[in-house]
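The block underneath contains the structure these notes are about, expressed in structure tokens.
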There are 2 protein chains.
Amino acid sequence: MTPTETPISIIIAEDHPTFSFGVEQSLARVPHMRIIDKALNGKQLLQLLNTKKPDLILMDVLMPHMNGIEAAMQIRKDFPVIKIIFISMYEESSIIKQCMQYGHGYIPKASTTDELISVINTVIAGNTYFHNSKPLLFKQPYNDDLIKKYKLTRREVELIQLIKDGLTTKEIAAKLFLSTLTVETHRKNIFRKLEVKNITELIVFALNNQIAS
Amino acid sequence: MTPTETPISIIIAEDHPTFSFGVEQSLARVPHMRIIDKALNGKQLLQLLNTKKPDLILMDVLMPHMNGIEAAMQIRKDFPVIKIIFISMYEESSIIKQCMQYGHGYIPKASTTDELISVINTVIAGNTYFHNSKPLLFKQPYNDDLIKKYKLTRREVELIQLIKDGLTTKEIAAKLFLSTLTVETHRKNIFRKLEVKNITELIVFALNNQIAS
DNA sequence: TTATAATTACCTGTTAACAGGTATTACAGT
DNA sequence: ACTGTAATACCTGTTAACAGGTAATTATAA
């Protein structure tokens, strides 16, 4: 939108040199963007940041030694001013969600150069941009996919909701006018289906997968 | 980016007619966008949707009778295809976070027409766009704020992490070479400080507040 | 150095969670 | 009419969680 006087300085953190080179070539033609360095993984990136402070980092999510998310967690602590755009081969909602937590933008590797330039401008302008062709937000009201995948019944999903709200078996039974034994049965079935060993794992699973919001 | 053949149909839900009129005027000059109707609040909007199905809704966050967030929750259930862009006077992170949950985009009312058009195009293209000049993501570091607020010790945070990973008291004790009784003491202290009554509430709290990721 | 906080550990109970079953009723799909 | 699944409920245990204390060692900051 508004090209700055001094060019936007960028570091690419990406373990595949081929892709990294492609990005470099693409951005070479953009006057107000300059790639000042490259890193092959998170650790290398953090070392680079000791001497060079870019405006923005194009960060691959999956890298050896230290992945992009971990690196981003560290960077936002040490250099909160630096913008981070994640790039990933996979468009899984769980990944995109993490990117929303720890970065300012996300695009898949399959994106066009135009989209890349667009997202850089957007993020530098102080906004966020998360590409998702299969919209993640509207997939989660009740995560139907997951519920089908794990063959959860309506009642079971209802129970998960209540468990997540911190209700004990007894409280749930009272609320739903059921025997506590029935609630326990449901609970056991949920555990079996989701392959979790206790409430803790159930809650983490449910929250991460938006079965209970 | 890519103007469609048939124009993008839009409904505005906004309780201030002045603002609503301004948007209408602004978009009137954009050929591939068409405002097909207006609503003054969430309830009115939902009624409109019985007869008209827009591609996109420009939704004010704060409206009388039924606010934008509530309306969005309903709409994503009933008409998941419809895109929602929130418009708000306030740039509070709590509001933006909710918008990220229930919509595809967010811009403040102070935005330019260019930004409005840009966000509509972005969202229609299947992406998300959340304007935030004071970046919300980097405001919740690892959540040191919360840890300080609740006066959690290092050890307690460590315990929360392990509890979140589904470890039982015994397992945690073994891992940290502690007595199970010690772990129980820590746990009780955590419960007291965070004012939660059981592990379930602890997990939900920790995940929601990024104390444990 | 001297409080203060952090970490560790223990004691005594009660209650809830969890494991591994069986079994009945009801209803929806073929 | 039949069959599977959902929803309900029970039984028998064991173990973990939780509540309510007390108290001894470290660290650590005033």
Side-chain angles (χ1 to χ4, degrees), chain A residues 142-209 211-212, chain B residues 142-209 211-212:
Chain A
Y142 263 154
N143 207 328
D144 289 343
D145 294 347
L146 260 285
I147 289 165
K148 270 179 197 156
K149 182 175 170 193
Y150 290 96
K151 294 188 178 169
L152 293 172
T153 66
R154 249 167 294 136
R155 199 56 151 175
E156 284 161 356
V157 173
E158 192 180 3
L159 269 277
I160 292 175
Q161 291 275 352
L162 295 171
I163 291 171
K164 185 225 63 177
D165 290 339
L167 300 195
T168 62
T169 297
K170 201 187 279 179
E171 288 168 340
I172 293 171
K175 195 182 181 79
L176 300 180
F177 304 104
L178 293 174
S179 158
T180 55
L181 300 162
T182 304
V183 177
E184 288 213 328
T185 302
H186 282 307
R187 223 234 285 270
K188 271 180 280 188
N189 290 332
I190 292 168
F191 282 19
R192 189 175 32 78
K193 289 182 181 178
L194 299 185
E195 290 172 29
V196 296
K197 73 170 190 206
N198 54 33
I199 282 202
T200 305
E201 291 189 355
L202 171 64
I203 300 304
V204 172
F205 181 92
L207 289 182
N208 284 342
N209 294 286
I211 286 172
Chain B
Y142 198 21
N143 216 328
D144 290 344
D145 294 348
L146 260 284
I147 289 165
K148 270 179 197 156
K149 183 175 170 193
Y150 290 96
K151 295 188 179 169
L152 292 173
T153 66
R154 249 168 294 136
R155 200 54 152 178
E156 284 162 357
V157 173
E158 192 181 2
L159 269 277
I160 293 175
Q161 290 276 351
L162 295 171
I163 291 170
K164 185 225 66 178
D165 290 339
L167 300 195
T168 62
T169 297
K170 202 187 280 180
E171 288 167 340
I172 293 171
K175 196 182 181 76
L176 300 180
F177 304 104
L178 294 174
S179 157
T180 56
L181 298 162
T182 304
V183 177
E184 287 212 329
T185 302
H186 282 307
R187 223 232 288 269
K188 270 180 280 189
N189 290 332
I190 292 167
F191 281 19
R192 188 175 32 78
K193 288 182 182 178
L194 298 185
E195 289 172 29
V196 297
K197 73 170 192 206
N198 54 34
I199 282 203
T200 305
E201 292 189 356
L202 171 63
I203 300 303
V204 172
F205 180 92
L207 289 182
N208 284 342
N209 294 287
I211 286 172

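So that the names make sense, note that chain A is the first sequence line, chain B the second, and so on, each numbered from 1. In what follows, every heavy atom counts, from backbone to side chain, and hydrogens, waters and symmetry copies are set aside.
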Quick one: pull up CD in A/Glu156 and CD1 in A/Ile190 and give me the separation to the nearest 0.5 Å.
-> 5.5 Å

A/Lys170 side chain N/O closer than 4.0 Å to the phosphate oxygens (OP1, OP2) of C/dA16?
-> yes

Below 4.0 Å: OP1/OP2 of C/dA17 and any side-chain N or O of A/Thr169 | yes

Nearest-neighbour nucleotide for the A/Lys188 side chain, D/dA6, C/dT7, D/dC10 considered | D/dC10

OP1 or OP2 of D/dC10 under 4.0 Å from side-chain N/O of A/Ser179 | yes

Ring centroid separation for B/Phe205 and B/Phe191, is it under 6.0 angstrom?
-> no

Phosphate-side-chain proximity, A/His186 and D/dA7, N/O vs OP1/OP2 below 4.0 Å | no

To the nearest Å, give me how far apart CD (A/Glu184) and P (D/dG13) are.
-> 16 Å

Checking C/dA9, D/dA16, C/dC18 against the side chain of B/Thr168 (C-beta onward), the nearest is D/dA16

Between CD1 on residue A/Ile199 and CZ on residue A/Arg187, distance to nearest 0.5 Å = 4.0 Å

Does the side chain of A/Arg154 get closer than 4.0 angstrom to OP1 or OP2 of D/dA6 through an N or O atom?
-> no

Mind calculating the distance between CG (A/Asn189) and C1' (C/dC18) to the nearest angstrom?
-> 13 Å

For the pair made of CZ in A/Phe191 and C1' in C/dA17, what is the distance, rounded to whole Å?
-> 8 Å

Under 4.0 Å between any heavy atoms, over every strand shown, what does B/Thr182 touch: base, sugar-phosphate, or nothing? Just pick one.
-> base

Look at the side chain of A/Thr185 and decide which nucleotide, out of D/dC18, C/dA9, C/dG21, has an atom nearest to it.
-> C/dG21

How long is the line joining CG of B/Leu167 and C1' of D/dA17, in whole Å?
-> 15 Å

Whole-Å distance separating the CD atom of A/Glu201 from the P atom of D/dA16 | 14 Å

Taking atom C1' of D/dC18 as reference, at what distance in whole Å does atom CD1 of B/Ile172 sit?
-> 14 Å

Across the strands shown, which category fits B/Lys197 at heavy-atom distances under 4.0 angstrom: base, sugar-phosphate, nothing?
-> sugar-phosphate

The side chain of B/Leu181 lies closest to which of these nucleotides: D/dA9, D/dC18, C/dA9?
-> C/dA9

Look at the side-chain N and O atoms of A/Thr153 and state whether any lies under 4.0 Å from the OP1 or OP2 oxygen of D/dA7.
-> yes

Flag, side chain of A/Glu201 to backbone of A/Asn198, donor-acceptor distance under 3.5 Å | no

Spacing of A/Asn198 atom CG relative to C/dC18 atom P, expressed in whole Å = 6 Å

Check B/Val183, B/Leu176, B/Leu181 against B/Ser179 for a side-chain contact (heavy atoms from CB on, under 4.5 Å) and give me the one that passes.
-> B/Leu181

When the distance from OH of A/Tyr150 to P of D/dT5 is rounded to whole Å, what number comes out?
-> 19 Å

